[in-house]
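Only a predicted model underlies this, so the values are computations on that prediction, with no experimental measurement involved. Only heavy atoms go into these numbers, but all of them, side chains included; no hydrogens, no water, no symmetry mates.
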Number of protein chains: 2
Amino acid sequence: MVQSKHITLDNIANQIGVSSSTVSRVLTGQSKKYRISDRTTEIVQQTARKLGYVPDQLARGLRTKRTNTMGLIIPDISNPFFSSIARNIEIQARKVGSSIILSDSQEDTQLEIESIRLLQGRKVDGLIICPVGEDSKHLKSIVNSGLPVVIIDRYFPDLDCPYVVSDNYQGAMDAVTYFFEMNHRSIGYIQGRVNTSVNNDRIRGYRAAHETRGLPVDESLIVGDSFGKRNGYIGAKILLAKSPRPTAIFAASNLISLGAMTAIQEERLKIPDDISIISFDEQPYSEHLATPMTTVAQQTSETGEIAFKLLQSQIQQDGKQTTEGIVLPAELVYRKSVKKLEFAELQ
Amino acid sequence: MVQSKHITLDNIANQIGVSSSTVSRVLTGQSKKYRISDRTTEIVQQTARKLGYVPDQLARGLRTKRTNTMGLIIPDISNPFFSSIARNIEIQARKVGSSIILSDSQEDTQLEIESIRLLQGRKVDGLIICPVGEDSKHLKSIVNSGLPVVIIDRYFPDLDCPYVVSDNYQGAMDAVTYFFEMNHRSIGYIQGRVNTSVNNDRIRGYRAAHETRGLPVDESLIVGDSFGKRNGYIGAKILLAKSPRPTAIFAASNLISLGAMTAIQEERLKIPDDISIISFDEQPYSEHLATPMTTVAQQTSETGEIAFKLLQSQIQQDGKQTTEGIVLPAELVYRKSVKKLEFAELQ
DNA sequence: TAAATATGCGCAATCGTTTGTTCTAGTATA
DNA sequence: TATACTAGAACAAACGATTGCGCATATTTA
């Protein structure tokens, strides 16, 4: 293999005595358009192949203003919910020859802002962001700058930008309604980060379910402030210490329920006999848990695919967005973590 | 905000009446070296900040031959084992201002090869690869090309390239030995992709544990051919159908054990009463499973961090690698999925 | 006071591609 | 035979940043 270093268009051009522009045109499939002869075309292609030419995307991007690269900013890629989305974005990207630059914002708005800067410098064609905070100032400024952006998992009412989210309202409503149907009346809610759309919508669903039944919401049953495992643990500890103890817990994420389970275990309580639980986020392991978990499943692979396609079309239309937002249904997956209370058990 | 479009060095230079080279030198912190006056330095910095200058990494990379970008090729980013590694790589990268281009090879060698090409074109400074197949030809050719590469999770004896792997041999040995200590004698092994170093080493450990005890290996107890969930399901089905049935199953990955659990459930068997199981890969949910799972824990975050640092130092030393390979211990996490057999239960 | 050195910065080439324009033959048309 | 096309390809200017070298002044040294 004569792969001395890096083969450039000029290398090829010199090798066969044509100009680099000719080589470029052939290799980008513009032979016809620029009337390159079949013979020349053939020779160029052969030589390129023989030398193992790989076009320099930096140079190309510099010239064309298109890098076929997209930025993906995720709060925590190790969370299977996000990594599943990421995977589907990557798979779509590959299909059209795009690459994904991954940025883990570590649930930190400051890092998120830094990531945006970084990715802008890398001249990504567009950005898919799962924003971490309540504030959308930095997002607004980048959307205004004309860079195509798609938001996932969250949305901001005052931000004019396409988004893909689950129907968190309906999902929470269904879950809590199901609790009601199983005769639960005291349902704790371990929420995620407050003031995010995800959380707001789920809370709204939680309240709406109560309202529909004409039941008041006990505000002291709403605890927590993050989507992490630790918060699940703490939230459950608090809920379980109340008396009377709530009979059910609604956990706002897979990590929250994991933490909650640890707390429940520590208190030597059994699911669902002592406490019922429903968790947002279906996971491969949900059915294999000590008590198979009733969950609210979000469509992660669809989220990824749609987000990418939304971004793509936005890029192709040169930043002009046509779609407003897409809401994907969230579906309750029934398992064993909710007990049907007999009326005798109710206080 | 006067962020018309993209601010370049020239924009700044014109604005304040200096040359773009001066601006460049100031902004890259070379004022002293090139004797730029404090006054000029100050003005340049202010103007750059005011205009919101973000250096074009494409142009910079084209000129400097350094992109501060690394490629990461992973078989399945939605697998928490890999996403955990990916996360730690990204966190390290961020610390030094590097970006990660993520490529999901979808367990397909062909896609892996494509990914390598793609990333080469994007002029990554280096590559971290978790190779999917048994073949290392394509890896060898890229290592020879001088591009810094670090292999993770696997290694190839004939490939001169730094790697970071778990001590799969020891991990498997410990697991199987523990089975023996609990009086198991018939231990099924649901293996992953054959002929990968991971699998080879685990098999070696499995065999060595037998050998140490002077016990023969029943080859029919070694089943399976992939690290996926489906294979776990099928493998378990096969093992459970044998008679006499093995008393224990060693699952070569988190996904395999997940699949195996489904099969075990279908057969209406209980862990550990009817069948004991140990799984490779510790997961956040391991302790919350129907039967808390005894696992072989790999150090995923360390793997990511070390891999990145290995790559970094290789890049800084301009491709000359000094390290051979790093083996991280794998630790048995004891839980409840292994039953101590009474001798009466042995055939 | 002449020579030497220091200070502060600009010139212009370069990285590898793309692309609008131009150039040169050969061929067709009038 | 002069003119007009056409085919085929080269020229050269970008894109934005970096960097070796050079060029003026200003200051110091002998």
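- Rounding to whole angstrom units, CD1 of residue A:Ile43 and C1' of D:dA9 are separated by 13 Å.
- When the P atom of C:dG10 is taken as reference, atom CD of B:Gln30 falls 16 Å away, rounded to whole Å.
- When the nearest nucleotides of DNA chain D are assigned to B:Gln57 and A:Val18 by heavy-atom distance, the more 5′-ward of the two goes with A:Val18.
- Among C:dC9, D:dA9, C:dG20, the nucleotide with an atom closest to any side-chain atom of A:Thr22 is D:dA9.
- Residue contacts shown for B:Leu9 include a base, since a base heavy atom lies under 4.0 Å away.
- Counting non-hydrogen atoms under 4.0 angstrom, A:Gly17 reaches the backbone sugars and phosphates but no base.
- Contact check on B:Lys140 versus B:Asp158 returns a salt bridge, with a Lys/Arg side-chain nitrogen under 4.0 Å from an Asp/Glu carboxylate oxygen.
- Looking at heavy-atom distances under 4.0 Å, B:Arg35 makes contact with a base.
- Between A:Thr28 and B:Lys65, the residue anchored nearer the 5' end of DNA chain C, judged by the nucleotide with its closest heavy atom, is B:Lys65.
- Nucleotide D:dG16 holds its P atom 16 Å from the CG atom of B:Leu27, rounded to whole Å.
- A salt bridge is absent between A:Glu107 and A:Arg193: the closest approach of a Lys/Arg side-chain nitrogen to an acidic carboxylate oxygen does not fall below 4.0 angstrom.
- Here B:Asp38 pairs with B:Lys32 in a salt bridge; the nearest charged N to carboxylate O distance falls below 4.0 Å.
- Note: NZ (B:Lys32) to C1' (C:dT7) measures 12 Å, nearest angstrom.
- Contact annotation: B:Ser24 does not reach the phosphate of D:dG16 (side-chain N/O to OP1 or OP2, under 4.0 Å).
- Of the candidates D:dG20, D:dA10, D:dG16, D:dA10 carries the atom nearest the A:Ser19 side chain, counting heavy atoms from C-beta on.
- For the pair B:Asp56 and A:Arg122, the salt-bridge criterion is not met [side-chain N within less than 4.0 Å of a carboxylate O].
- Distance, A:Asn11 CG to C:dG16 P: 8 Å, rounded to whole Å.
- In this model, a side-chain donor or acceptor of B:Arg25 finds a partner on the base of D:dG20 within 3.5 Å.
- Atom CG in B:Asn68 sits roughly 14 Å away from atom C1' in D:dA17 (whole-Å rounding).
- Residue contacts shown for A:Ser37 are limited to sugar-phosphate atoms, with no base heavy atom under 4.0 Å away.
- Taking only side-chain nitrogens and oxygens, B:Tyr34 never comes nearer than 4.0 Å to OP1 or OP2 of C:dG10.
- Across the protein-nucleic acid pair, B:Arg39 atom CZ and C:dT7 atom P stand 18 Å apart, rounded to whole Å.
- Residues B:Lys33 and B:Asp56 each lie close to DNA chain D; by heavy-atom proximity, the contact nearer the 5' end of the strand is made by B:Asp56.
- In this structure, A:Leu62 atom CG and C:dC15 atom C1' are separated by 9 Å, rounded to whole Å.
- A donor-acceptor contact under 3.5 Å links the side chain of A:Ser21 to the base of D:dC11.
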| task | Would you please test B:Asn88 and B:Ser301 for side chain to side chain donor-acceptor pair (under 3.5 Å) and show each step? | result | CA-CA 6 Å; B:Asn88 285 283; B:Ser301 67; 4.5 Å; no

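- One cannot find a donor-acceptor pair under 3.5 Å joining the base of C:dC15 and the side-chain atoms of B:Thr64.
- Minimum heavy-atom separation, B:Ile152 to B:Ala307: CG2-CB, 3.5 Å.
- The residue A:Thr8 sits close only to the backbone: its heavy atoms come under 4.0 Å of sugar-phosphate atoms, none of a base.
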